[in-house]
Amino acid sequence: METTPSSLPPYMTGLNPVQLEAVEATDGPVLVLAGAGTGKTRVLTTRLAHILMQGKTSTHNMLAVTFTNKAAREMRERLEKMLGQAVEGMWLGTFHNLCVRIVRRNPEVVGLTSNFTILDSDDQIRLVKQVLELHNIDPKRWPAKMILSVIQRYKDKAQTPADLSADDVGDFANGKLLAIYEDYQQRLRTLNSCDFGDLILHALTIFKKQPEVLAQYQEKFQYILVDEYQDTNVAQYLWLRLLAQSHRNICCVGDDDQSIYSWRGAEVGNILRFEEDFPGAKTVRLEQNYRSTSNILGAASGLISHNSSRLGKTLWTDQEAPYDQKVQVRGLWDGQEEARFVGEEMESLQRKGFNLKEMAVLVRAGFQTREFEERLLKIGVPYKVIGGARFYERMEIRDAMAYLRMVAQPHDGMAFERIVNTPKRSFGNASLQILHNISREQGISMFDAAWQAVQSDVLGNKARNSLHNLLNDFARWQQIAQTTPHSELAQIVLDESGYTAMWQNDKSPESPGRLENLKELINAMEEFENLAGFLEHVSLVMDLAENETDDMVSLMTLHAAKGLEFDVVFLPGWEEGVFPNQRSMDESGNAALEEERRLAYVGITRAKKRLFISYAANRRIYNQWQSSVPSRFVDELPSDFTEVQAETGVYGSGPQFQNKFQKKNYDKGHAQVPRNRQSPKQSQSRFGGTMSKKFKSTGASSGAYSAPKKTITIQKKKDGIVVGNRVSHEKFGFGVVRSIDGNKVHVIFEGAGIKKVLKSFIKPA
DNA sequence: AGGTTAGTAATTTTT
DNA sequence: TTACTAACCT
């Protein structure tokens, strides 16, 4: 690290000249292009401290925006440490967090009242489903999830229904998308709720409709700092641009090479366009990397250079690393071998003194962790899976939260629907529809509709009685809430509602865990002043701080790994179709490929000392064997920085593999099916079950992607389901197998005709 | 109202 | 393979 003159204040010592430049350029628009591992967070915090220490302004006139609560927390902590005192009055938080503040101050402008609620994704989907039903949209053709994501993309682009025309929305949902979007927004208003996207949008609407409010914020925020700028969407960009207009002291920090959230509306264009958006902007490039070895950096730089739309940075290091081993690239036979390889390397590195908590396996998709979990479990290496189902997304937590939301806000319609028949109260869908009708016709909340229903005879006796009981319960709990601490209240509500009992009586293996989680929820509540504060926290901060003391290996997706670093990183599953992900590329073509490549870049740059990249020649996907081609990203790693080894019989894809391995003989007696090797989808080989190791062999490939390849197909007799054989089906009776397509079988039944049935439902006869 | 069965689909997800 | 859901049955 560079030495800086000792005349600098202590908080600035140890910065390199470029970092110093980024810190000292306090005024005017500044773009800091911060490569991976270049000390970004340090620069960011020092910059905030510097502005304050120079007396340019006070905390009250600063705005610092991050994407995650974790990043916000970290920034605050580091700043406080640097300043030696608590940071108060600064608007430091996530976009959503800060927007809630803005909207809560002027909610009437967007048709809400100040106690509006924020829907979680579960509620959003249910709401969209209701709207789709209303419009008679076939939920198979247009799944609620898909419609919701389209609406969200509009919100990301700051487009309200009023901004869209029929032409814009095309024939989505039979051309009714615009009406659906409108209805969805209407329903949200009726519920006095909004979704995450709305938070930014509503803030923008407030700025637009109340110029004096905007002016006040513009005046207030003399210095603005934005982290992860490459991840901002259009709405967030507009929000920032408005706020920065008067003082123009905006510093955006980001890395275009690490933009991996375009599928969620992030616009790399924002960072690429910064200099046009803010004329006279200064750009600082942080390129000196303090994290990784030169081989790792070389591999990363070589790979990312295949992308075209980038601002261009080259990471370098002056580290003389004793660990400077080349990036290890391994071709393995199948997924199990890959997992075994990773496990063995972990054990061997641990013996060499590496800590398990400094090792990570980063995968493209969540399900890929499974194979590694199994292996690590087997060899007794402790691990944790990061991400996955988060605490506040668990069913039991959502249910419990819905009860609490009802106590705090009885008119919370989504919460009402969630718990009205959980636990079972003989209040099914038919009864719920009746309440819906009352609610809609009279324009009242579900809660009010429920009260009306119990005082009339629109419901069946059973349903009416149990609903009445529930309503009385809520009345009582609201009374209790006046006098009782909220965590105690939560316990009472869960017990008296029968919710706790429901899980106690449940015999499934998960139920003890669920009860544990409910206890944990009540514990977590104690840290908050009141119920409302807790509920808001949960809707905005979905994570729960985790302990980092245990020495465990981490397994997570590449997305989840952004911003983290480990001594040792394993990047398995580098196969065409898996990574780069086929689906992603089908949807967005070359743009997707570049984003996948950035994801690979993010993965590589997480590694400090050792990096292992691997691919398997065969994989079992949904119980079907499928052979695969090494990822093109493997080829794109410059050979100077890698050491490639492929297991015998496993072929690489690059020139370094040509003729390197001898084609193995196929086992005699097994059918050989030549086929083209184009996309992994087409190059499936099916083995009906597990395959013995002596059959190990794939066909040879002499070129990269085009050469034909042979694979063995073993006709498995184990299940007796073979073309021409007679089989029986519980419902359709006897028949003869006509063809087999994976786990689906075409059968000509004697009574029922030709049916496509699942293999598991038929037996040999 | 609630449980069973068959069909279908299967990235990434900071808030 | 599993997970989810819509239709079907009791």
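Atoms considered below: every heavy atom in the structure, side chains included; atoms not considered: hydrogens, waters and symmetry mates. All chains are named by letter (A, B, ...) in the order of the sequence lines, taking the proteins before the strands, and each is independently numbered beginning at 1.
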To the nearest Å, how far apart are [X] [atom1] and [N] [atom2]?
{"X": "A:Met395", "N": "C:dA3", "atom1": "CE", "atom2": "P", "value": "12 Å"}
{"X": "A:Leu362", "N": "B:dT11", "atom1": "CG", "atom2": "P", "value": "19 Å"}
{"X": "A:Arg370", "N": "C:dT2", "atom1": "CZ", "atom2": "P", "value": "9 Å"}
{"X": "A:Asp231", "N": "B:dT14", "atom1": "CG", "atom2": "P", "value": "12 Å"}
{"X": "A:Leu558", "N": "B:dT14", "atom1": "CG", "atom2": "P", "value": "14 Å"}

Any base atoms under 4.0 Å from [X], or only sugar-phosphate, or nothing? Heavy atoms, all strands.
{"X": "A:Ser431", "answer": "sugar-phosphate"}
{"X": "A:Gly197", "answer": "nothing"}
{"X": "A:Tyr261", "answer": "base"}
{"X": "A:Glu587", "answer": "base"}

Give a yes or no answer on whether the side chain of A:Glu575 reaches the backbone of A:Tyr615 with a donor-acceptor pair at less than 3.5 Å.
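Pair absent, no side-chain N/O of A:Glu575 close to backbone of A:Tyr615.
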
Counting distance only, does the side-chain N/O of A:Glu595 pair as donor-acceptor with the main-chain N or O of A:Ser262 below 3.5 Å?
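Checking the backbone N and O of A:Ser262 against the side chain of A:Glu595, a donor-acceptor pair under 3.5 Å is found.
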
Is any side-chain nitrogen or oxygen of [X] closer than 4.0 Å to OP1 or OP2 of [N]?
{"X": "A:Asn97", "N": "B:dT15", "value": "no"}
{"X": "A:Arg583", "N": "B:dA10", "value": "yes"}
{"X": "A:Ser539", "N": "B:dT15", "value": "no"}

Within the 3.5 Å criterion, strictly below it, is a donor on A:Asn115 or A:Asn192 matched to an acceptor on the partner's side chain?
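Distance-only check passes for A:Asn115 and A:Asn192.
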
Distance-only donor-acceptor check, side chains A:Asp195 and A:Tyr184, under 3.5 Å:
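A:Tyr184 and A:Asp195 do have a side-chain donor-acceptor pair below 3.5 Å.
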
Side chain to side chain contact (heavy atoms under 4.5 Å, CB included) against A:Pro143, all qualifying residues, sequence neighbours excluded
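Applying side chain to side chain contact (heavy atoms under 4.5 Å, CB included) to A:Pro143 gives A:Met146.
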
Which of these nucleotides, [options], is closest to any side-chain atom of [X]?
{"X": "A:Ser584", "options": "B:dT11, B:dT13, B:dT14", "result": "B:dT11"}
{"X": "A:Lys140", "options": "B:dT13, C:dA6, B:dT12", "result": "C:dA6"}
{"X": "A:Asn581", "options": "B:dT11, B:dT12, B:dT15", "result": "B:dT11"}
{"X": "A:Phe67", "options": "B:dT13, B:dT14, B:dT11", "result": "B:dT14"}

List in numerical order all residues of residues 418-430 of chain A for which some heavy atom is under 4.0 Å away from an atom belonging to DNA chain B.
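Nucleic-acid contacts, sorted: A:Asn421, A:Lys424, A:Ser426, A:Gly428, A:Asn429, A:Ala430.
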
Can you give the donor-acceptor pairs under 3.5 Å from side chains of residues 128-137 of chain A to other protein atoms, not counting sequence neighbours?
unit_1: A:Gln130; atom_1: OE1; unit_2: A:Arg187; atom_2: NH2; d: 2.7
unit_1: A:Gln130; atom_1: NE2; unit_2: A:Glu417; atom_2: OE1; d: 2.9
unit_1: A:Gln130; atom_1: NE2; unit_2: A:Glu417; atom_2: OE2; d: 3.2
unit_1: A:His135; atom_1: NE2; unit_2: A:Asp183; atom_2: OD2; d: 2.7

Between CG on residue A:Asn233 and NZ on residue A:Lys155, distance to nearest 0.5 Å:
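Answer for the CG-NZ pair, A:Asn233 versus A:Lys155, is 12.5 Å.
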
